[in-house]
Amino acid sequence: MSNQQIILKLSCHDQIGVVAKVSNHFAEQQFNIIESSQFEDPDTSLFFMRTVLENAGDEVSMDDIREQFTPVADTLGMRWQIHDRQAKPKVLIAVSNWGHCLNAMLNAWRNQSLPVDVVGVVSNHRIMESMTDWYGLPFHYLPVESGHKGDQEARLLQVYRDADADLLVLARYMQILSPALCDTLAGRIINIHHSFLPGFVGARPYHQAYHRGVKQIGATAHYVTADLDQGPIIEQAVERVSHANSPQELTDIGRDIEAMVLNRAVKWHAEHRVLINGVRTVVFNR
Ligand SMILES: Nc1nc2c(c(=O)[nH]1)N[C@@H](CN(C=O)c1ccc(C(=O)N[C@@H](CCC(=O)O)C(=O)O)cc1)CN2
């Protein structure tokens with residue numbers, strides 16, 4: 001027994017026999033289901049599934065596993081991915097001036113509670129270079145020169161590609177990404193927004209919240225799209241506040257929520273628990 005484990009995630013139009021066809025295929029390949037989650041979206045009749053399978057036979061290459069599954073997927077009109085459960089996604093982290101999310105993520109990576117391989121940090125400021133150095137990671141200083149934002153973004157994408165990254169995390173990176181970059185890396189950029197979206201989009205959400213007199217503040221991790229702060233939501237959390245809290249106190253309270261929410265979202269993405277469902281997500285985290 002090879003102990004080889006794979007993760008299959010798929011979506012297709014709901015139809016009789018999807019689970020049976022998938023499980024029968026893998027049973028014939030000597031794979032045993034050890035976890036499985038399913039959801040059918042009543043609005044779209046799309047069926048979503050995530051299953052973890054263990055190989056009871058000899059190890060098989062990932063290419064062969066995917067090649068053997070392709071006819072089943074094609075018959076059912078699936079969108080699908082198969083991943084090696086042991087493989088850790090390579091993550092490039094982008095940051096600007098605020099380091100609380102970066103630090104929480106690097107700490108979780110270092111203590112191995114976050115199943116990713118951080119390949120580097122990019123920033124339009126130098127302030128986080130020393131922290132990055134302390135963690136022994138490459139730091140790429142990519143300042144945004146006035147009128148040359150496109151050049152800076154091209155360098156960022158080159159760093160991502162040179163590092164063979166799988167995911168770009170915006171850990172309070174305060175630059176709006178171009179539609180072209182959002183399209184190129186669709187489903188592979190996660191941002192932390194410091195409000196409970198869809199409330200308070202854009203800049204300075206804690207000040208917006210203060211002036212609105214909210215009784216809770218929150219944070220939202222979402223995939224990045226060309227529409228600012230409108231991407232599919234992955235995870236959110238809130239914390240109670242009061243009329244007595246200043247904008248600075250709201251900001252202070254919010255930092256831990258942001259860091260927790262972003263780490264959760266990146267962990268679930270790395271474990272292939274998140275499936276994009278139009279402007280929403282399906283998250284198999286239970
Ligand atoms: N295409 C997208 N880019 C980004 C998104 C997104 O959803 N789609 N999320 C933002 C994060 N963000 C709020 O969470 C945010 C960041 C930056 C700005 C902004 O106005 N930036 C200015 C420059 C500000 C500066 O230089 O200090 C700009 O880019 O012109 C608003 C919201 C990350 N990017």
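One-based numbering, in listed order, for ligands and for the atoms of each. If you read the sequence from its start, that first residue is 1, and numbering goes on from there. Small disclaimer: the values here were computed from a predicted structure and weren't measured.
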Geometry only, no angles: is [X] polar-contacting ligand 1 at N/O separations under 3.5 Å?
X      : result
Lys149 : yes
Gln175 : yes
Asp229 : yes
His194 : no

Heavy-atom side-chain proximity of [X] to [Y] below 4.5 angstrom:
X      : Y      : answer
Ile253 : Val241 : yes
Leu142 : Ser123 : no
Ile233 : Gln236 : yes

If you have a sec, work out which protein heavy atom is nearest [atom] and how many Å separate them, to one decimal?
atom                    : answer
atom 24 (C) of ligand 1 : Met174 O, 3.5 Å
atom 18 (C) of ligand 1 : Ile176 CG1, 3.7 Å
atom 13 (C) of ligand 1 : His193 ND1, 3.2 Å
atom 3 (N) of ligand 1  : Leu177 N, 2.9 Å
atom 8 (N) of ligand 1  : Thr225 O, 2.9 Å

[X] heavy atoms, cut-off 4.0 Å: which ligand 1 atoms fall inside?
X      : result
Cys182 : 1 (N)
His222 : 7 (O)
Tyr173 : 33 (C)

Polar contact flag, side-chain donor to acceptor under 3.5 angstrom, Tyr223-His269: yes
At a non-hydrogen distance cut-off of under 4.0 Å, which region of Leu228 contacts ligand 1 (side chain, backbone, both, or neither)? both
At under 4.0 Å between heavy atoms, what of Leu170 touches ligand 1? The answer is side chain
Centre-to-centre under 6.0 Å for His13 and Phe47, is that the case here? no
Could you identify which residues cluster with Val144, counting Ile, Leu, Val, Met, Phe, Trp and Tyr as linked when any side-chain heavy atoms lie under 4.5 Å apart, either directly or through a chain of such contacts? none
Under the ring pair (Phe, Tyr, Trp, His ring centres under 6.0 Å) test, residues paired with His222 that sit two or more places apart: none
For Gln38 and Val19, work out which heavy atoms get closest and say how close. CG-CG2, 4.2 Å
Over-ring placement of Arg50 relative to Trp80, 6.0 Å and 45° cut-offs: no
